[in-house]
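So the structure is just underneath, and the comments pick up after that.
Side chains included, hydrogens not; waters and symmetry mates left out as well; all remaining heavy atoms used.
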Amino acid sequence: MDVPLPYFEVDVPIRSTRQPGLRGVHVFTGPADSRSAAVRIAHEVYDAARAAQQAGGELPRGRPDGWTARGYRPGWEPDWKAATAGRWNAPYSWRRVSDLEL
């Protein structure tokens, strides 16, 4: 029996190259075996989306492992060195124990 990998959330700070001072966070989620793997995979899907956009193509649909970039915004640069990753917890999931204890 295969044990599913835990889901991670990767938060990557971004800044606008067109309007100094504008900042935000690009969020990726997907399964990985570690935080460092989650950041690496998020970077890979971002790079694939960027390459497709710059080539005039559509964004890749998604990898077999479940990771994908749902969008790409030219003019925003990610700070991958400042990216953080942690276990993802869906705030509205029906599986949350605290919700079942009501």
Side-chain angles (χ1 to χ4, degrees):
M1 180 173 156
D2 290 330
V3 176
L5 293 174
Y7 256 67
F8 283 86
E9 175 179 322
V10 178
D11 298 332
V12 185
I14 56 175
R15 66 175 180 79
S16 174
T17 59
R18 297 176 181 162
Q19 295 180 315
L22 286 182
R23 300 194 184 292
V25 176
H26 198 114
V27 178
F28 299 86
T29 60
D33 60 8
S34 67
R35 289 181 173 148
S36 60
V39 172
R40 177 184 51 78
I41 296 167
H43 200 161
E44 289 172 4
V45 298
Y46 175 84
D47 288 345
R50 179 182 222 167
Q53 178 80 23
Q54 290 175 342
E58 292 185 20
L59 295 180
R61 289 271 183 208
R63 297 169 22 147
D65 62 6
W67 287 84
T68 189
R70 303 251 189 258
Y72 172 76
R73 294 172 57 189
W76 287 85
E77 288 299 318
D79 182 357
W80 287 102
K81 291 181 181 181
T84 59
R87 295 286 293 267
W88 183 66
N89 182 21
Y92 302 109
S93 173
W94 61 271
R95 297 184 297 179
R96 291 182 56 167
V97 174
S98 60
D99 291 343
L100 297 175
E101 294 175 345
L102 294 176

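- The existence of a salt bridge linking Lys81 and Asp79 is excluded, since no basic side-chain nitrogen approaches an acidic carboxylate oxygen closer than 4.0 Å.
- Here CD of Gln53 is found 12.0 Å from CZ of Arg73. Values are rounded to the nearest 0.5 Å.
- Of all heavy-atom pairs between Phe8 and Ala38, the closest is CB-CB, 3.6 Å.
- Under the 4.5 Å side-chain contact rule for hydrophobic residues, Ile41 and Trp80 share a cluster.
- Remark: the backbone N or O of Gly75 is paired with a side-chain donor or acceptor of Thr17 at under 3.5 angstrom.
- With respect to Arg87 and Glu9, no salt bridge is recorded, no charged nitrogen being found less than 4.0 Å from a carboxylate O.
- Under the 3.5 Å distance criterion, the side-chain polar atoms of Trp67 are left unmatched by any main-chain donor or acceptor of Ala42.
- Other residues, nucleotides and ligands contribute over 12 non-hydrogen atoms within 6.0 Å of the CZ atom of Arg50.
- Nearest heavy atom pair, residue Leu59 against residue Ala69, reads CD1-O, 3.9 Å.
- Residues Thr68 and Pro60 approach most closely at OG1-O, 3.5 Å, considering heavy atoms.
- Residues Arg18 and Trp76 fail the side-chain proximity criterion, which asks for heavy atoms closer than 4.5 Å.
- Here the straight-line distance linking atom CG of Asp11 with atom OG1 of Thr84 works out to 4.5 Å at 0.5 Å rounding.
- Both Val39 and Tyr72 are members of a single hydrophobic cluster when ILVMFWY side chains are connected at heavy-atom separations under 4.5 Å.
- Other residues, nucleotides and ligands contribute only 12 or fewer heavy atoms inside 6.0 Å of the CD atom of Glu58.
- Here the closest non-hydrogen pair linking Ala83 and Val10 is CB-CG1, 4.5 Å.
- In this structure, Tyr46 and Phe28 have perpendicular ring planes: the angle between them is above 60°, well past the 30° mark.
- Looking only at side-chain heavy atoms (C-beta outward), Ile14 and Glu77 stay at 4.5 Å or farther from each other.
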